[in-house]
2 protein chains.
Amino acid sequence: MGREAVLDVLSLTEDHLSAEDIYMRVHETYPAIGLTSIYRTLDMLVNIGLVYKFDFGDGRARFELAEGPKGKDHHHHLVCTGCGHIVNYRDFIDEEVALLKKTEEGLSKKYNFAITNHLIQFYGLCETCRKK
Amino acid sequence: MGREAVLDVLSLTEDHLSAEDIYMRVHETYPAIGLTSIYRTLDMLVNIGLVYKFDFGDGRARFELAEGPKGKDHHHHLVCTGCGHIVNYRDFIDEEVALLKKTEEGLSKKYNFAITNHLIQFYGLCETCRKK
DNA sequence: TTAAACAGTGAAAATGGTTGTCAATAACAA
DNA sequence: TTGTTATTGACAACCATTTTCACTGTTTAA
Ligand SMILES: [Mn+2]
Ligand SMILES: [Mn+2]
Ligand SMILES: [Zn+2]
Ligand SMILES: [Zn+2]
């Protein structure tokens, strides 16, 4: 099963790979694999919560390892609307984490939601893109 | 030009409409319009910042009026991963707004980004979906 | 006024990431 | 063995979005 292979690829990078990116990398050490299986495996990994699926607006899904024992630390994204460059940032202000928890609790109560996750992204222009 | 028609449709709902949803509604009062023009107009409205484009993972882009003079108030999203239901919430805790600004400033400085916007979504299960 | 350049538009075709189908093979059970 | 079930990859189908292009109405320049 390519489950391990896909997880290995994802654990080796900070990038946000597309299904085809992953396919190509797995293919190097596991040439028998098909793109279909990569999609299938990713789907399953996303469903069991080991992998996150994102859409940054470039027409293809992007994946990264979910946080956890083997996963990267939890982080948020800084997205450049000019060139698409994405920064993973984890240096949260202390208050940020505290407030996030507080906000989740408030929303849970008010709207009767069992909140399990959040997505936080800031959009703007990186230094390079600003200079043009 | 269908610009007005599209904006009218979007200003009449709290929902997050797809391009085709919008097409069908505009079509009622403006039967000559084509789907291509809807896409073109949406693209342009997104570029000039009058409309926001989202992806909630159902395979099609979703649109809503950006905040502003004629727009809705700024809000964040609560997304049910069970049924896809989306809540627009605007009752921010006071601190939330303050901290958001502070965080933006910190990030701007640290990563040299000119931040113009943010996307904040909480994921979970709504009451109905929790009961199954 | 006229004619050429231009901008806006919709129908239809093309694109391309993703999903579905299906036959082949592997793993397992009786 | 032998039948059953699970896994897999090649290929076809899908479908939201984009591209192409002919057609129209509008502006511009002589
Ligand atoms: Mn990331
Ligand atoms: Mn909304
Ligand atoms: Zn950039
Ligand atoms: Zn639900």
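Reminder, nothing fancy here: chain letters follow the sequence lines and each chain counts from 1. Computation of the quantities below employed the complete heavy-atom set of this structure, encompassing side-chain atoms and omitting hydrogens, waters and symmetry-equivalent molecules.
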Original post:
Of B:Phe56, B:Phe122, B:Tyr52, which is the lone residue that meets ring pair (Phe, Tyr, Trp, His ring centres under 6.0 Å) with B:His77?
Top reply: B:Phe56
Original post:
For B:Ile33 and C:dT9, what is the distance between atoms CD1 and P respectively, to the nearest whole Å?
Top reply: 7 Å
**OP:** Return the value, rounded to whole Å, for the distance between atom CG of B:Leu17 and atom C1' of D:dT17.
**Re:** 17 Å
Original post:
For A:His16 and A:Asn88, which heavy atoms make the closest approach, and how far apart are they?
Top reply: NE2-OD1, 3.0 Å
Between protein and nucleotides 19-24 of chain D, what N or O pairs are separated by less than 3.5 Å?
none

Original post:
Rounded to the Å, how far apart are B:Asp21 CG and D:dA16 P?
Top reply: 11 Å
Original post:
How long is the span from the CD atom in B:Glu104 to the OG1 atom in B:Thr116, to the nearest 0.5 Å?
Top reply: 8.5 Å
Original post:
Can you tell me how far C1' of C:dA11 sits from OH of B:Tyr23, to the nearest Å?
Top reply: 10 Å
**OP:** Grab the CE-P distance between B:Met44 and D:dT18 for me, whole Å please.
**Re:** 16 Å
Original post:
Nearest-Å distance, OH (B:Tyr30) to C1' (C:dG8)?
Top reply: 10 Å
Subject >> For A:Asp55 against A:Arg60, the heavy-atom pair lying closest together >> reply: OD1-O, 4.3 Å
Subject >> Under 3.5 Å: donor-acceptor pair, side chain of B:Ser11, backbone of B:Asp8 >> reply: yes
Original post:
Rounded to the Å, how far apart are A:Ile38 CD1 and D:dT8 P?
Top reply: 11 Å
Subject >> Considering all heavy atoms, the nearest B:Glu20-B:Leu35 contact >> reply: CA-CD1, 4.4 Å
**OP:** Please determine if a side-chain N or O atom of A:Tyr39 lies less than 4.0 Å away from the OP1 or OP2 oxygen of C:dT19.
**Re:** no
**OP:** Output the residues of residues 50-63 of chain B in contact with DNA chain C, where contact means a heavy atom of the residue under 4.0 Å from an atom of the strand; sort by number or write none.
**Re:** none
Original post:
Which whole-number value in Å describes the distance from A:Leu35 CG to C:dG17 P?
Top reply: 10 Å
Original post:
Of the non-hydrogen atoms in A:Arg3 and A:Thr41, which two are nearest, and what is the gap between them?
Top reply: CA-CG2, 3.7 Å
Original post:
Roughly how far apart are B:Lys102 NZ and A:Glu96 CD, rounded to 0.5 Å?
Top reply: 10.5 Å
Original post:
Can you tell me how far the OH atom of A:Tyr111 sits from the OH atom of B:Tyr89, to the nearest 0.5 Å?
Top reply: 8.5 Å
